[in-house]
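As a basis for the values below, the full set of heavy atoms in this structure was taken, side chains included, without hydrogen atoms, waters or symmetry mates. Letters A, B, ... are given to chains in the order of the sequence lines, protein chains preceding strands, and every chain is numbered from 1.
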Amino acid sequence: MVRAMKTDSPALFELPDPGPEPARQTVRAVPVLVPMPAPGPYSYTVPENVHVVPGSIVVVPLGPRKVIGVVWDERGEGGSVDPKKLRPIEHVFDCPPLADDMRVFLDWVAAYTLTPPGYVARMALRAPTAFDPEPMVEGLRLVKSELERMTPARARVIELASDGFAWTRLGLVHAAGVSASVVDGMIAQGAFETVFLPPPPVVAPPDPDYVADRLEGVQKDAARVLIKTVDKGKFSVSLIDGVTGSGKTEVYFEAVAEALKRGKQVLILLPEIALTASFLERFQDRFGSKPAEWHSDLAPRTREKVWRQVVTGEVRVVAGARSALFLPFAELGLIVVDEEHDPAYKQEDRVFYNARDMAVVRARIGDFPTVLVSATPSVESQVNAMQGRYQAIHLPTRFGDAAMPDLRLVDMRRHAPARGGFLSPLMLRGVDATLKKGEQSLLFLNRRGYAPLTLCRVCGHRFQCPQCSSWLVEHRFRGVIQCHQCGYQEKTPEACPECGTLDHLVACGPGVERIAEEVVSHFPDARTIVLSSDMAGGVKRLRLELEAIAKGEADIVIGTQLVAKGHNFPLMTLVGIVDADLGLANGDPRAAERTFQLLHQVTGRAGRTGLKSHGLIQTYQPGHPVMQAIVSGDAEAFYDREISEREKANLPPFGRLASIIISADDRHSAEVHARALRNAAPQAAGITVLGPAEAPLALVRGRYRFRLLVHGQRTSDMQGFLKAMLAAGPKERGSLHVQVDIDPQSFL
DNA sequence: AGCACGCCGACT
DNA sequence: GTCGGCGTGCTC
């Protein structure tokens, strides 16, 4: 045996002499992740002449059916499966394998969220027939311009097609403005040869230099910092924190341009609702073409094309909702998370994750930069910026002539509304003045329907959901009472189901519909509209209404949460918050933060043009830090205070917050689990269960849910604890879900 | 997650 | 006498 005398790698000394290559008798078996809740991949044999590598997308038999799986990485111990059980891989798709980074990422997410890896992998494969190449498109190339019967229509076609390029049949028909039969006739006479063209791209490639250098001042400085960061091409997280209207989007577009110039693909994550036509247009204004879109209601064909072209690298920029994070990019080099504080980034079924956090993880694994963007960053991100883990980029002022609205608190104890009403005289006066100026008012109340609770004045019966424990919300426009947790609904009864008394049902508290009623009674001649997600006519109607409002076709808009996002109403000069306290008392450790973010966003809807604008905020707690921060505009003070409070109470991001979600058909079974887990928790050191007062057992879409607040220094400890606790809990398959909801940057 | 197997109630 | 409910268990 010859020993190496000199080597860079000490490990070489330890390698035994391999000897002559042994004849490969054993059939090769590889691990394959399959879409089921197994703790790891299954093994399959690889038939002769079949080539697979880790990441290959395959079809394998699983029990009686065929499923799509991904060849995974060879594991250390090697599963001890009976070799007789092994079945062969059935088919390998003609598709680039999932990149190493992607596999590491999927494994990481599975471990972090305590989800079976097969489920996580399935999220990356959500494009059923995209795994084989798109079929070639049939094209026509002109080979003979002399035809026996020449007509003006034929001449036009020939003129176009004699450019030497191949045309699609329909393309030629449209461009020449002739009927299809003209082209068909020419085909029959042998004017064209058929050629096969690569399928057209879903979007034209973006041009990073399409428009350059429109930025000025602070924006330009911020863009310069970002460009430098992207140019380094290394992992980093930047947090752009800029008020509404400060040009954040234009600034991060420069980072996108830089990544494109470096030959990288870019992912822009947006909360689903912010993926609007206006965003796509802004992108097009900067890059000359639209980004590819990715969200839940893409047409299946488009979805497949986008998936395929992302994996082949043909699509360079994707703007997508949270699920876009699991697209298998070929060469991803930048992720932007816009509205990074938005709770819509949390997925709370099947795989529980926060796309903002997972974006940071994906960037870490792929070693490329991430940019988080928000006017009101999450406390987690703010802390990371303060501690220097994130690069902070601050855009303090509005761009151009847009001024911040003049905000004022309305102390409801002193300016009480009329009996039976919810709008203070000050608010009504504000609306009146705005009406007289011919400008628009927005009244915001984050509660759908007419009234959140209905009761019988005679016997005190309260309408409760028969499926869960929450109150039924009256929707007077639709004539139903509905559960906002599970969707249960019935016709609004006229008589009390308990005592049978007619006409003695009384609505308690306001919803947007009730506010509309009050507004109409005060301003019968104003054009009033209610906007809420349950609006008749769906998303299409909603979009039309939003456009109409922007054009000034309404005087008073009464809306829920959805008016807070994205849309610009140039004539909106009064924003009234009907109940600023709503949501402060619900026991969510993030209640104050959420309220601050929401109020900031809603009041930011006003005054985006040069018009002088106002905000009136109705509250019973004018001294509350959130109210103070909103009126003073001093966000920094709010964050400072919130951060120190959180630190004291060991709340996120200082404590480690986890939700355990328990689902069972019957309430009793769920309660048994809940109790068992709650009792088990305090036995381990450093674990606190938030009591019912702070985080009550709640029913969310038929699932019992409660939260554990886990105090610990290292996430891995917490992970281990949760795993052990789940294993020790009462066995009931598939009924427990764990959402680990912590700041991943703290342990990268 | 699917899907089959298996064991008890109301039907052509 | 069968069709069909969903409880239990397995899938390399």
Side-chain angles (χ1 to χ4, degrees), chain A residues 24-48 50-93 97-98 103 106-107 109-129 131 296 300 323 326 347-353 467 660-673 701-704 723 726-727 729-739:
Chain A
R24 200 177 279 174
Q25 303 256 279
T26 52
V27 210
R28 193 161 80 101
V30 291
V32 175
L33 269 190
V34 286
M36 54 159 239
Y42 277 3
S43 301
Y44 285 86
T45 57
V46 184
E48 290 274 340
V50 168
H51 294 282
V52 291
V53 293
S56 295
I57 300 171
V58 296
V59 176
V60 290
L62 182 68
R65 63 212 161 102
K66 316 267 177 251
V67 295
I68 287 167
V70 191
V71 176
W72 219 239
D73 305 83
E74 222 65 58
R75 280 173 309 164
E77 350 99 48
S80 49
V81 211
D82 180 358
K84 282 197 241 67
K85 282 171 109 179
L86 295 187
R87 297 164 78 185
I89 288 175
E90 208 140 281
H91 176 71
V92 185
F93 286 104
L98 299 191
R103 289 187 334 267
L106 295 175
D107 270 337
V109 172
Y112 179 78
T113 59
L114 308 182
T115 309
Y119 283 4
V120 181
R122 194 174 52 175
M123 293 199 296
L125 303 175
R126 283 274 162 81
T129 63
F131 309 131
S296 57
S323 60
F326 292 92
Q347 166 142 44
E348 308 211 341
D349 48 60
R350 281 173 245 274
V351 182
F352 294 71
Y353 66 93
Q467 291 172 26
I660 298 214
I661 293 169
I662 296 168
S663 55
D665 302 343
D666 73 304
R667 213 167 142 156
H668 289 293
S669 166
E671 272 165 10
V672 166
H673 284 78
R701 283 189 295 264
R703 279 195 194 104
Y704 274 91
K723 261 186 189 157
L726 290 177
K731 288 256 154 52
E732 184 136 337
R733 289 170 320 131
S735 62
L736 300 175
H737 292 279
V738 179
Q739 178 182 2

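When rounded to the nearest whole Å, the span between CD of A:Glu74 and C1' of C:dC12 equals 13 Å. In this structure, A:Met36 atom CE and B:dC3 atom P are separated by 13 Å, rounded to whole Å. The nearest whole Å value for the distance from the CE atom in A:Met123 to the P atom in B:dA1 is 14 Å. When rounded to the nearest whole Å, the span between OH of A:Tyr42 and P of B:dG2 equals 14 Å. Summarising the geometry, the separation between CZ on A:Arg126 and P on B:dA1 is reported as 12 Å, rounded to the nearest angstrom. The interatomic distance linking A:Leu33 (CG) with B:dA1 (P) rounds to 16 Å, in whole Å. Atoms CG (A:Leu62) and P (B:dC3) sit 10 Å apart, rounded to a whole Å. The separation between A:Arg65 atom CZ and C:dT11 atom P is 13 Å, rounded to whole Å.
The closest side-chain heavy-atom distance from A:Phe131 to A:Val59 is not below 4.5 Å.
Although no hydrogens or angles enter the test, the distance criterion places a donor-acceptor pair under 3.5 Å between the side chain of A:Arg87 and the main chain of A:Gly63.
Under the side-chain contact (heavy atoms from CB on, under 4.5 Å) rule, A:Pro97 has a single partner from A:Val53, A:Val58, A:Val70, which is A:Val53.
Considering only side-chain N and O atoms, A:Tyr119 lies under 4.0 angstrom from the phosphate OP1 or OP2 of B:dA1.
Residue contacts for A:Pro31: at a heavy-atom cut-off of 4.0 Å it reaches no nucleic acid atom on any strand shown. Residue-level contact check: A:Pro35 touches neither bases nor backbone, having no heavy atom under 4.0 Å from any strand.
When ring centroids are compared, A:Tyr353 and A:Phe326 come within the 6.0 Å threshold.
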